[in-house]
There are 2 protein chains.
Amino acid sequence: MVRRTRAEMEETRATRLATARRVFTGHGYADTSMDDLTAQANLTRGALYYHFGDKKGLLAAVVEQIDAETDQRRQAVSDTAEDAWEGFRGRCRAYLEMALEPEIQRIVLRDARAVLDGTSPDSQRHCIQSMQRMIDNLIRQGIVAEADPQALASLIHGGLAEAAFWIADGEDGSARLAQAVDALELSLRGLLVKR
Amino acid sequence: MVRRTRAEMEETRATRLATARRVFTGHGYADTSMDDLTAQANLTRGALYYHFGDKKGLLAAVVEQIDAETDQRRQAVSDTAEDAWEGFRGRCRAYLEMALEPEIQRIVLRDARAVLDGTSPDSQRHCIQSMQRMIDNLIRQGIVAEADPQALASLIHGGLAEAAFWIADGEDGSARLAQAVDALELSLRGLLVKR
DNA sequence: CCCTAATCATACTCCTTGCATGTATTTTCG
DNA sequence: CGAAAATACATGCAAGGAGTATGATTAGGG
């Protein structure tokens, strides 16, 4: 195998991450061996263990990348909203739609949850924290009723994730998506302060 | 090793299930080898594969047993309620409290979700169905607003599971449990028809 | 009393992970 | 600029785990 130049070396980690993302998404974490990954790319296990430590480290790196991307996309959604409450609702809907992507379902919501118990500092904690901050603001503005922001964020985040699985499990995805959004609206309206 | 009598043979499967439950709860599915299980009980891998087919089959059997038990316990809770809505709320709270048990968190909510993708017919689908039936009744009685019962059940079930993880993650469990129940009440009241 | 099927034990095979070691390239520095 | 150190891989090896094949033992029926 030919040696790589310096520029290629720096690309190696990114390339490998992308490959792992693709293969993990297709085959799942458990059914993907390190040799499978080396076959898909053209590097060997040595590079893998050098860059990521172990198999879990590789998964953690993939999850972190996905998490950063999706959080950025969600941020863009809530930034364009009229007011804070609409931004929050939009963000919830955006999360629901993103959670339909196989990459997120399989890697983040299924495999990472089982493999990266408490080892990952953020995993999906990062996106729960974003949601928690939004809720905290809404409460301080008197829009949402008094409650613990973390508890609310966990509750909502978990609901959205499970709903996404339900949507993906059916044949008619768009119909289920609409139904899930309706259900979401119902439970969200309970958060508002009574007037 | 001494041969077992007929009566003991019939107990073998149940005994083995209980052992697997204990070891899976303590070490997790992935970190438990078949040899670990044979060491804990006093049967060998031959018996294991004879009764359960493979490792996933063993997990599926454990999950099914836990699921049946917990669903029965939840049924008892909602049966003693005054009206349908209180029964539903009580059942949600009961689920939240049960989801705190390590057995359920580790085996049902974490490992089974990753390992038994769509292979298990029920897994936690069974308890979502129970919840879905309750919601369906509440909607027909005009107590809960019109929505797809499955979507609502998925949303709520997922939220409760995630909230349980959040509670278990903290030190002061009872405080977090109270906060989670408050958050739950908020989102549940949104389901009621406006008067 | 023998025969068959059920129930378990044991001995393998194959695969995977992680590590240890080797090698080439790059960087650092006197 | 040249050597030493660090970096970025490649490769071979050992330990362990899953699943299977096959053998042994017993229950139960005819």
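Note: hydrogens, waters and symmetry copies are ignored here, and every other heavy atom, side chains too, is used. By convention in this document, chain letters (A, B, ...) are assigned in the order of the sequence lines, proteins followed by strands, and residues within each chain are numbered from 1.
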Met34(B) CE to dA18(D) P: how many Å, rounded?
6 Å

Round to a whole Å and report the spacing from CZ of Phe52(B) to P of dA18(D).
15 Å

Heavy-atom nearest nucleotide on DNA chain C for Gly46(A) versus Thr32(A): which residue maps closer to 5'?
Thr32(A)

Atom-pair distance (NE2 on His27(B); P on dG17(D)), nearest Å
11 Å

Select one nucleotide: of dT20(D), dG17(D), dC9(D), the one nearest the side-chain heavy atoms of Tyr49(B).
dT20(D)

Mind running salt bridge (Lys or Arg N to Asp or Glu O under 4.0 Å) on Arg113(B) and Glu162(B) for me, showing each step along the way?
CA-CA 13 Å; Arg113(B) 196 176 280 237; Glu162(B) 181 69 41; over 6 Å; no

Between the side chains of Arg91(A) and Asp71(A), is the shortest nitrogen-to-carboxylate-oxygen separation below 4.0 Å, so that they form an ion pair?
yes

Can you check the Leu58(A) CG to dG18(C) C1' distance for me, whole Å?
14 Å

Protein-nucleotide distance (Asp31(B), atom CG; dG16(D), atom C1'), rounded to Å
13 Å

Report the distance from atom NZ of Lys55(B) to atom P of dG16(D), rounded to the nearest whole Å.
16 Å

Quickly work out the Arg45(A) CZ to dT21(C) C1' distance and round it to whole Å.
14 Å

Steps toward side chain to side chain contact (heavy atoms under 4.5 Å, CB included) verdict (Glu171(A), Arg176(A)):
CA-CA 9 Å; Glu171(A) 313 83 18; Arg176(A) 285 197 168 187; 5.7 Å; no

The nucleotide from dA9(C), dA18(D), dA10(D) with an atom nearest the side chain of Ala47(B) is dA9(C)

Is the shortest distance from a Lys or Arg side-chain nitrogen in Glu97(A) or Arg74(A) to a carboxylate oxygen in the other one below 4.0 Å?
no

Rounded to the Å, how far apart are Leu48(A) CG and dT7(D) P?
19 Å

Think Tyr50(B) has a side-chain N or O under 4.0 angstrom from the OP1 or OP2 of dC8(C)?
no

So, does His51(B) get its side chain near the phosphate of dC8(C), meaning an N or O under 4.0 Å from OP1 or OP2?
yes

